[in-house]
Amino acid sequence: MMRIPANFRYLGISLGPCLFSFASNYDSSKAFVKSLGCFLGLMNYAQLSGPNHKLLFSDHLRNRSVDEAREVFDCIPNPNVYLYSMMISGYARNRRLDDALKLFDEMPVRDTVSWNSMMKGCLECGDLSKAKEIFDEMPRRNIVSWTTMVHGLMLSGEVEMAELLFREMPTRDVAAWNSMIHGYFSNGRVEDAINLFEVMPCRNVISWTSVIGGLDQNGKSDEALFLFQKMIGSGFKPTSTTLVCALTASANLLALNLGVKIHGQIVKLGFCFDEFLSASLITFYANCKQVENSCKVFKEKLHKNVAVWTALVTGFSLNGKPENALEVFRDMMKLGVLPNQSSFTSALNASCGLEALDRGKEIHSAAIKLGLGTDVFVGNSLVVMYSKCGNISDGIAMFMRTDQKNIVSWNSAIMGCAQHGFGMSTLTLFSQMMRRGIEPDEITFTGLLSACSHSGMLQKGRGFFKFFSEAESFEVKREHYACMVDVLGRCGRLEEAEDLVRNMPFEANSMVWLALLGACRNHCNLDAAERAAKKIFDLEPNCSAAYVLLSNIYASANRWSDVSRIRMTMKHNSIVKQPGSSWVTLKGFRHEFLSGDRSHPLSGKIYQKLDWLGVKLKEFGYVPDQKFALHDVEAEQKEEMLSYHSERLAIAFFLVSTPEGSIIRVMKNLRVCGDCHCAIKLIAKIVGREIILRDSSRFHHFRNGICSCWDYW
DNA sequence: ACCAAGTTTA
């Protein structure tokens, strides 16, 4: 940092030309540029004259241009304690603790405020011990010093120390009580917080807001909303922060009516243009499945705030509108709103929903450009995106590249490998994870069982189930039983699977029975199938998957009267089979092969296939070079597609296959066709990157998804 | 002027 020599500090504008000579005395051009900047600073300082330099100074600080602020600061003759404190806080807010401490040391005089600012600065930069040092060293403490320290201790999780200090404080104002309440909540000590709130001598709107926000963040949104209403009832006027907390709680509870009322209050109180409130409103409406209203809120003004944009991206994505989500994300970047890790997470999620590898890659490159390529949140989303889009090797590469991997990183990689049928890789990942001392959680467990099921690892599956059932800190859930049933079922241990279901410590849900029914279908066990189906229909009379599975079982047993009986029942109860669907980007893989190695022996074959596909799709009224959702292809057309010879059948299989169980049947048909096993292997290897099956849920994914085919090669 | 509450995240 360059400081202007002392004699130049008093020059002001009247000596403007001298400044040029001052600048030209500097040899290096860098120094010239710097001094020119400083000259401009001086110009501003002089032009604005009087106290206005403070305005310029605080403008820079507000804009987080801390270096510019420092240049103005350096031009101010004899800066007072107040300006020093401002500059110190400015450095701290920009995480430049060293500069802040240096300036603090240089201060000619220090008052309590400057000591407090320095202490606060240390806390903001996460240096608790330095803050403690300053707290001990400062000559006089006021109530603010104590409160700052209490708050800092609480945020570092040193609750006991904070309590001690709070008791030792000579006097306690409402801010001190509030910081204790907030501190308890952020350490998950809900009871203590509430007790304090009840005994505190005097409450203000911040006290109420802290409790409302704290309850909501600790999973007690209902109590939060109750207190919000109580607060309004006792005549307190909510601030925008209060309304944000109440809205967030309403969003979590899906309390549509209350949320809409709060929206009314926001308009009435004139908080319409508060960015925090806009973001909360967007999330609230999106959670309540009213994403059109989120859009309305968004369009009320032009937003520059990342969180507002991200809220809308997330909203669209979670409401099954990934196209819109990605459009918003693109607009956001076009407008120069820099996406952060949350925005990337939401956008990558949306591309998972579309299963659009090209879009995902686009977002990935944007993340790299912004320096977020190895961020743990972004990295985890990338792992999921690549593996969901069929590209597990890139998914694993992303995992390796992620900084500071957490449990979600490991789980995403494990899930990805498991779903792609890489059983051994899954096990290796798991042992690496254990060796690094990372505690597995229930999602890890699901991933492991899924791997065992897809790779036919019966003994491993049993071992994991035993291990996790015996682990104390662990709750084995219905999902895990469903997975285990799947493991046993796929390995033909139908009896054992049924025993497991009947001896579960809690009532089995339809998901568990459905896993059993699926197993029965694969092993043509009609008796067990009928038992399982009966259970499912008791629990969920309109379960379309169960009807379809059962009718397929009857069909394989040549019991056609039963098949038509089930079809009739379905029709009668207007149960519609959820269509399976797949996305095809013709352009995507055409491009891939055009830009790739054209001399490769496969290029020609792929070209033929693409041409055939293009012709077929045109016949069905689709335009090439677009994304096709083939779930709406008519049944006869599907059959027509399937009637082509084996290689074409293989492609058709990818296009029209339905997740709910038909894959294995189609596989059987393919085998009957002769050479298709080889053909499908070939095509899947090449085309699998771009054609991805969509599944109704994560859970069905590994049970019925494309991964099933991997078992066969 | 220094202390207390808030939006988006796998």
Side-chain angles (χ1 to χ4, degrees), chain A residues 54 58 80-86 88-89 92 111-121 123 138 141-152 154 169 172-183 185-186 200 203-214 216-217 238-249 251 274-284 286 303 305-315 317 332 339-349 352 375-385 402 406-412 415 443:
Chain A
K54 285 185 191 164
S58 51
N80 59 20
V81 201
Y82 157 61
L83 288 170
Y84 267 106
S85 303
M86 291 269 284
I88 288 171
S89 316
D111 61 0
T112 312
V113 174
S114 43
W115 280 95
N116 287 344
S117 307
M118 194 60 247
M119 185 168 71
K120 173 85 178 161
L123 291 169
M138 61 197 295
R141 296 175 194 145
N142 61 12
I143 197 161
V144 178
S145 331
W146 286 89
T147 308
T148 307
M149 201 58 221
V150 165
H151 186 233
M154 276 296 200
M169 280 177 79
R172 284 172 281 263
D173 63 357
V174 64
W177 286 88
N178 288 346
S179 74
M180 276 302 282
I181 290 175
H182 177 245
F185 274 122
S186 47
M200 71 192 290
R203 297 169 188 159
N204 62 11
V205 68
I206 298 180
S207 328
W208 284 94
T209 308
S210 304
V211 177
I212 294 165
D216 180 48
Q217 278 156 19
T239 64
S240 63
T241 309
T242 320
L243 295 170
V244 166
C245 294
L247 259 182
T248 309
D274 185 298
E275 304 260 54
F276 280 80
L277 275 169
S278 301
S280 311
L281 276 169
I282 290 169
T283 305
F284 162 73
H303 294 281
N305 179 305
V306 213
V308 178
W309 284 84
T310 308
L312 192 64
V313 175
T314 317
S317 178
M332 169 182 180
N340 60 16
Q341 42 171 213
S342 321
S343 332
F344 278 111
T345 299
S346 299
L348 286 169
N349 264 346
C352 281
D375 174 89
V376 63
F377 263 67
V378 178
N380 295 345
S381 312
L382 283 169
V383 174
V384 174
M385 187 277 289
T402 304
N406 57 19
I407 179 73
V408 182
S409 324
W410 287 94
N411 284 347
S412 308
M415 254 325 179
I443 297 174

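Only a predicted model underlies this, so the values are computations on that prediction, with no experimental measurement involved. Order of the sequence lines fixes the chain letters, A, B, ..., with proteins taken first and strands second; residue numbering starts at 1 for each chain.
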Exercise. Hey, does A:Ser207 have a side-chain heavy atom less than 4.5 Å from the side chain of A:Val174?
Worked result: yes
Exercise. Can you find a donor-acceptor pair, distance only, under 3.5 Å between A:Asn406 side chain and B:dA10 base?
Worked result: yes
Problem set entry | Atom-pair distance (CG on A:Asn305; C1' on B:dT8), nearest Å | 9 Å
Exercise. What integer distance in Å separates A:Met169:CE from B:dA4:P?
Worked result: 12 Å
For this session: Carefully, step by step, assess A:Val408 and A:Val376 under the rule side chain to side chain contact (heavy atoms under 4.5 Å, CB included).
Result: CA-CA 9 Å; A:Val408 182; A:Val376 63; over 6 Å; no
For this session: Would you mind telling me which of B:dA4, B:dA10, B:dT8 lies closest to the side-chain atoms of A:Thr310?
Result: B:dT8
Exercise. Checking all strands, does A:Ser85 fall into the base, sugar-phosphate, or nothing category for heavy-atom contacts under 4.0 angstrom?
Worked result: nothing
For this session: First locate atom CE of A:Met138, then atom OG of A:Ser114, and finally report the distance between them rounded to the nearest 0.5 Å.
Result: 8.0 Å
Seminar exercise, completed: OG1 of A:Thr248 to CD1 of A:Ile212, rounded to nearest 0.5 Å, is 11.0 Å
For this session: Find the distance A:Met149:CE to B:dC2:C1' and express it as a whole number of Å.
Result: 15 Å
Exercise. For residues A:Thr314 and A:Ser317, is any side-chain donor paired with an opposing acceptor at under 3.5 Å?
Worked result: no
For this session: Measure from CG on A:Leu247 to P on B:dG6 and round the result to the nearest Å.
Result: 15 Å
Exercise. Any stacking of A:Phe276 on B:dG6, going by centres under 5.5 angstrom and planes within less than 30 degrees?
Worked result: yes
Exercise. Of the nucleotides B:dG6, B:dA4, B:dA10, which has the atom closest to the A:Gln217 side chain?
Worked result: B:dG6
Exercise. When we call it a touch if two heavy atoms are under 4.0 Å apart, what does A:Ser240 touch: a base, just sugar-phosphate, or nothing?
Worked result: base
Seminar exercise, completed: Looking only at B:dT8, B:dT7, B:dA5, the nucleotide nearest the A:His151 side chain is B:dA5
For this session: Calculate the interatomic distance between A:Tyr82 atom OH and B:dC2 atom P; express it in whole Å.
Result: 8 Å
For this session: Taking only the side-chain heavy atoms of A:Val244 (C-beta and beyond), determine which of B:dA10, B:dT7, B:dC2 contains the nearest atom.
Result: B:dT7
Exercise. Side chain of A:Asn349, base of B:dA10: donor and acceptor closer than 3.5 Å?
Worked result: no
Problem set entry | Euclidean distance, atom CE of residue A:Met138 to atom P of B:dC2 [Å, nearest integer] | 15 Å
Exercise. How would you label the contact of A:Thr314 with the nucleic acid (heavy atoms, under 4.0 Å): base, sugar-phosphate, or nothing?
Worked result: sugar-phosphate
Problem set entry | Sugar-phosphate only, base, or nothing, as touched by A:Ser210 at under 4.0 Å among non-hydrogen atoms | sugar-phosphate
Problem set entry | A:Thr148 versus A:Asn116, side-chain donor and acceptor atoms under 3.5 Å | no
For this session: Indicate whether OP1 or OP2 belonging to B:dT7 is found under 4.0 Å from a side-chain N or O atom of A:His303.
Result: no
Problem set entry | Which nucleotide in B:dA1, B:dT8, B:dG6 has an atom nearest any side-chain atom of A:Ala307 | B:dT8
Exercise. Does the side chain of A:Val308 come within less than 4.5 Å of A:Ile282's, by heavy atoms?
Worked result: yes
Seminar exercise, completed: Among B:dA4, B:dA10, B:dG6, the one nearest any side-chain atom of A:Lys120 is B:dA4
Exercise. Contact class for A:Ser179 vs. all strands (heavy atom < 4.0 Å): base, sugar-phosphate, or nothing?
Worked result: sugar-phosphate
Problem set entry | Sugar-phosphate, base or nothing in reach of A:Thr147, heavy atoms under 4.0 Å | base
Exercise. So what does A:Thr283 touch, heavy atoms closer than 4.0 Å: a base, only the sugar-phosphate, or nothing?
Worked result: sugar-phosphate
Problem set entry | Candidate nucleotides B:dC2, B:dA4, B:dT7, ranked by approach to the side chain of A:Ser117 - the nearest | B:dC2
Exercise. Which whole-number value in Å describes the distance from A:Leu123 CG to B:dA4 C1'?
Worked result: 14 Å
Seminar exercise, completed: Rounded to whole Å, CG of A:Asp216 lies from P of B:dA5 at a distance of 16 Å
For this session: Just compare B:dA4, B:dT8, B:dA1 and give me whichever is closest to any side-chain atom of A:Ile206.
Result: B:dA4
